[in-house]
Amino acid sequence: MPDDPRASSSGAPPSPPVLVDGSRPLGARRLADDLWVDAEPAQDRVRVRVYGEIDLDIAGAFHEALEEALHASRTGLDLDLSAVTFCNSTGLNTLLRVRLAARGSGRDVVVTAVSAQVERLLAVTDTGGLFAPAGGGRAGRPGDDEVTSP
């Protein structure tokens with residue numbers, strides 16, 4: 001089997017993601033070589049920032065991390081997917097399963113920010129509206145000034 005082209009050439013485990021301001025999220029938890037999740041309570045919700053690649057290899061760990069964050073919230077999750085560099089149908093399925101669990105318990109899952117790759121995935125599959133905030137807005141991309149639909 002050929003080497004994974006996404007693997008680090010040095011073989012060293014990746015360090016936590018670096019934010020735009022050069023800092024590193026203090027609570028980021030490494031789920032796999034290429035995936036980090038940072039969950040923090042924000043009033044009655046939990047804000048989850050995801051960094052890296054979401055694929056079949058880590059879907060189980062990603063699902064568990066989101067379920068854990070969901071159970072820690074009172075009203076639901078706010079997902080920041082702006083630092084997701086890869087997400088395929090397995091990642092989308094994980095998001096949809098967590099949304100279903102949230103709705104079954106009277107909570108919701110809102111995507112608050114997306115990367116270009118995630119934006120395209122949600123558009124092609126016509127699932128972005130399922131993760132829209134109450135009132136029908138849309139998730140923004142970093143640098144967007146307008147985050148709601150006209």
Side-chain angles (χ1 to χ4, degrees), residues 6 8 13-150:
R6 297 170 292 172
S8 166
S15 58
V18 177
L19 303 178
V20 173
D21 66 3
S23 66
R24 295 186 189 273
L26 296 176
R29 190 170 96 200
R30 181 176 167 207
L31 300 182
D33 283 348
D34 296 320
L35 185 69
W36 295 78
V37 173
D38 180 19
E40 68 178 281
Q43 298 176 6
D44 56 349
R45 302 183 64 76
V46 173
R47 184 175 328 149
V48 180
R49 293 180 189 95
V50 183
Y51 308 86
E53 302 176 358
I54 306 168
D55 61 19
L56 180 63
D57 292 338
I58 57 80
F62 182 54
H63 185 263
E64 287 176 19
L66 292 179
E67 284 280 334
E68 181 180 308
L70 180 62
H71 290 296
S73 76
R74 196 167 64 79
T75 62
L77 300 179
D78 292 326
L79 299 180
D80 179 343
L81 304 176
S82 62
V84 172
T85 56
F86 178 83
C87 184
N88 61 14
S89 60
T90 303
L92 177 59
N93 186 26
T94 300
L95 295 172
L96 291 168
R97 287 175 45 216
V98 170
R99 177 187 176 271
L100 186 62
R103 294 193 38 104
S105 62
R107 293 174 277 186
D108 65 356
V109 175
V110 173
V111 173
T112 60
V114 293
S115 63
Q117 202 280 331
V118 172
E119 182 176 47
R120 176 154 170 67
L121 176 66
L122 295 176
V124 166
T125 58
D126 197 26
T127 54
L130 298 175
F131 300 99
R138 69 170 178 83
R141 289 194 28 217
D144 282 355
D145 291 333
E146 182 66 34
V147 294
T148 58
S149 299

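Only heavy atoms go into these numbers, but all of them, side chains included; no hydrogens, no water, no symmetry mates.
Atom CG of residue Leu35 and atom CD1 of residue Ile58 lie 4.5 Å apart, to the nearest 0.5 angstrom. How far CD of Gln117 is from CG of Leu81: 10.5 Å, rounded to the nearest 0.5 Å. Remark: His71 NE2 to Leu66 CG distance equals 11.0 Å, nearest 0.5 Å. The structure places OG of Ser115 at 11.5 Å from CZ of Phe86, a figure rounded to the nearest 0.5 Å. The distance from the NE2 atom of His63 to the CG atom of Leu95 is 9.5 Å, given to the nearest 0.5 Å. A distance of 6.5 Å separates CZ of Arg99 from CZ of Phe131, quoted to the nearest 0.5 Å.
Put simply, the side chain of Glu53 does not reach to within 4.5 Å of the side chain of Val84, judged on heavy atoms. Looking at heavy atoms from C-beta onward, Val110 lies out of side-chain contact with Leu77 at the 4.5 angstrom threshold. Looking only at side-chain heavy atoms (C-beta outward), Tyr51 and Thr85 stay at 4.5 Å or farther from each other.
With Thr90 contributing its side chain and Asp55 its backbone, the two residues share no donor-acceptor pair below 3.5 Å. In terms of modelled atom types and a separation under 3.5 Å, the side chain of Asn93 and the main chain of Leu96 share no donor-acceptor contact.
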Any chance you could lay out the side chain to side chain contact (heavy atoms under 4.5 Å, CB included) test for Leu70 and Arg107, step after step, and finish with the verdict? CA-CA 8 Å; Leu70 180 62; Arg107 293 174 277 186; 4.1 Å; yes
Is there a side chain to side chain contact (heavy atoms under 4.5 Å, CB included) between Leu122 and Val114 once you walk through the steps? CA-CA 9 Å; Leu122 295 176; Val114 293; 4.2 Å; yes
Worked check of side chain to side chain contact (heavy atoms under 4.5 Å, CB included) between Arg29 and Asp38: CA-CA 6 Å; Arg29 190 170 96 200; Asp38 180 19; over 6 Å; no
Leu79/Val109 under side chain to side chain contact (heavy atoms under 4.5 Å, CB included): CA gap, chis, key distance, verdict: CA-CA 7 Å; Leu79 299 180; Val109 175; 3.6 Å; yes
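Residues forming a salt bridge (Lys or Arg N to Asp or Glu O under 4.0 Å) with Glu40 (at least two apart in sequence, or on another chain): Arg49. Partners of Asp108 according to the salt bridge (Lys or Arg N to Asp or Glu O under 4.0 Å) rule, which considers only residues two or more places apart in sequence or in another chain, are Arg45.
The minimum heavy-atom distance linking Leu121 with Cys87 is given by the pair CD2-O, 3.5 Å. Residue Ile54 comes nearest to Gly91 through the heavy atom pair CG2-CA, 3.5 Å, listed as atom of the first residue, atom of the second, then distance. The minimum heavy-atom distance linking Val48 with Ala69 is given by the pair CG2-CB, 3.8 Å.
Around CG of Asp126, the count of heavy atoms belonging to other residues, nucleotides or ligands within 6.0 Å does not exceed 12.
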